[in-house]
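Labels below follow one simple rule: chain letters A, B, ... track the order of the sequence lines, proteins then strands, and each chain is numbered from 1.
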There are 2 protein chains.
Amino acid sequence: MARDQLTRDQIVKAAIELLDAEGLEGLNMRDLGRRLRSAATAVYWHVGSKDALIALAADEAWHEAELPDPAELGWREAAYRMAVSLHAMFTRHPWLVQAFGAYPIYGPGKARHDDHALGVYEAGGFVGIEADQAAAAVFTFVLGNALGVAAQQAFNRKLARDANAEELARAHQADAVAVAVGFPRLRARVESPSAEYAAGPEGGFEFGLRAMLHGLESGRH
Amino acid sequence: MARDQLTRDQIVKAAIELLDAEGLEGLNMRDLGRRLRSAATAVYWHVGSKDALIALAADEAWHEAELPDPAELGWREAAYRMAVSLHAMFTRHPWLVQAFGAYPIYGPGKARHDDHALGVYEAGGFVGIEADQAAAAVFTFVLGNALGVAAQQAFNRKLARDANAEELARAHQADAVAVAVGFPRLRARVESPSAEYAAGPEGGFEFGLRAMLHGLESGRH
DNA sequence: GTTCCACTTGAACGTTGTTCAAGTCGGGTC
DNA sequence: GACCCGACTTGAACAACGTTCAAGTGGAAC
């Protein structure tokens, strides 16, 4: 064994750190090699391709999601906490959501999560495919919300990288307002932004999640 | 005016056709130029950058979404049809969903849609920020579902491009089963796939959408 | 007919993912 | 201890990509 040996786990860990810091399009094999103190091409002996590496990193991140016990908390509280925990994980790793739309990501990490989710909804009285659909509905909502978060973070990074960031941001903001003015309801919100909007889009996640869980509960057979 | 003149609209239209056919990562400026019967670099006089072009194409696509009238149909049916129409649009243009996670996409097309959505939910009795949150919740669910569709289509395209596609697909399938076997509930579904699962993930969209709308209706103040 | 400028072109640059022949080096065998 | 094999690394190189730029081209205005 040579002194400076690479491991697949080391590579995946370094990739996750780089992805968190630089975003999905910020990851490249040369920087990854630099961080690992080896040639960029050495990675290819262990991993196959960049896409495969991203799939590995994504599935690894899935293990961060918590799996609350429905027997202890009740199915609805367990489902709620699962969704919140998943949402937090996506927010920590926004590249994962973007990758989700480009590569099929399915491995032990996601399987572990899916299996537990099915257990939660079956504990809630959802039978057969209804458990699948209920779990998928909540997961889908969390994913959609996370995609919005990812977009925002990607935009912020793009601004940070650019030199004259502030000017760009201001121009973009001005554009948004100019567009909104053409539509009555959007204009009302732009012109007199009441205090209740200050919470930002964060509040919308709780709202939608509770509505979804409530709708599932009363639609159950 | 020279005979072979480019227009921004022509460029955007050609870009959408290419994106629909080849996917987000299948679009490149040289192919776009070829389709427009001009040099690839001619596009840059009209558009600025590839990212800006994608943003233009995305906003253009938004106009395909239908805006049903809540006064005529009732708010809930209008909301339902809006969501279904939006979902169909995302399915026709899966690249849009992927782009949504990478660039901030906001223009007249999306503004028109958002404004109408607010109108629908206000007609349903949602006041102030609740209308925003209700609209955002349904939109988020549709977006998340569309992301799954986009992933599937991207994967299919990747398989189609590769030479030994069938073998790859089979290997991937085998991997998925091998992973699932390690988890009790997933294993049950893999081992005895009852007929009710045949509908595929399509059925899940209706199910989740109805649950969300129901939950919103009963949570309204 | 001359000038002008909106628009196009082809060559070129830097960055990216990936391949490949050539190397290095530790551990097992005689 | 000499040898060698195979796991692992390296640097050079390739093709494809987005983008820039100096050099054009050709219709419209005077």
| message | Counting only side-chain heavy atoms from C-beta out, which of C/dT8, D/dT10, C/dT9 sits nearest to B/S38? | response | C/dT9
Anything under 3.5 Å between a protein N or O and an N or O of nucleotides 18-23 of chain C, put it in a table, one pair a line.
unit_1, atom_1, unit_2, atom_2, d
C/dT18, OP2, A/Y44, OH, 2.7
C/dT18, OP2, A/K50, N, 2.8
C/dT18, O5', A/Y44, OH, 3.4

| field | Nearest-angstrom distance from the residue atom CG of A/L32 to P of C/dT16 | value | 13 Å
| task | Write down the distance between CH2 (B/W45) and C1' (D/dT25), rounded to a whole number of angstrom. | result | 15 Å
| query | With a non-hydrogen cut-off below 4.0 angstrom, is B/L27 in contact with a base, only sugar-phosphate, or nothing? | reply | sugar-phosphate
| pair A/R112-A/L67: side-chain heavy atoms closer than 4.5 Å | yes
| What residues, two or more places apart in sequence or in another chain, satisfy ring pair (Phe, Tyr, Trp, His ring centres under 6.0 Å) together with B/H46? | none
| said: Rounded to whole Å, how long is the line connecting atom CZ of B/R8 with atom P of C/dT8? | reply: 14 Å
| message | From C-beta outward on B/N28, which listed nucleotide comes closest to its side chain: D/dC8, D/dC17, C/dT16? | response | D/dC17
| query | Taking only side-chain nitrogens and oxygens of B/H46, does any of them come within less than 4.0 Å of OP1 or OP2 of C/dT8? | reply | yes
| request: Starting at atom CD of B/E22, determine the distance to atom P of D/dC17, rounded to an integer number of angstrom. | output: 11 Å
| request: Go through the structure and list residues passing side chain to side chain donor-acceptor pair (under 3.5 Å) with B/R35, not counting sequence neighbours. | output: B/E17
| request: Quick one: which residue pairs count as a salt bridge (charged side-chain N to carboxylate O under 4.0 Å, His left out) with a foot in residues 48-57 of chain A, not counting sequence neighbours? | output: A/D51-B/K158
| field | Those residues that, when tested against A/A79, pass side chain to side chain contact (heavy atoms under 4.5 Å, CB included) (two or more places apart) | value | A/W75, A/V120, A/Y121, A/L213
| Any side-chain heavy-atom pair from A/V97 and B/L147 closer than 4.5 angstrom? | yes
| query | For B/E25 and C/dT16, what is the distance between atoms CD and P respectively, to the nearest whole Å? | reply | 19 Å
| request: Measure from CG on B/L36 to C1' on C/dC7 and round the result to the nearest Å. | output: 14 Å
| field | Euclidean distance, atom CZ of residue A/R34 to atom C1' of C/dG17 [Å, nearest integer] | value | 15 Å
| task | Quickly work out the B/R37 CZ to C/dG10 P distance and round it to whole Å. | result | 15 Å
| field | With sequence neighbours excluded, residues passing side chain to side chain contact (heavy atoms under 4.5 Å, CB included) with A/R189 | value | A/R185, A/Y197, B/L118, B/E122, B/A131, B/D132
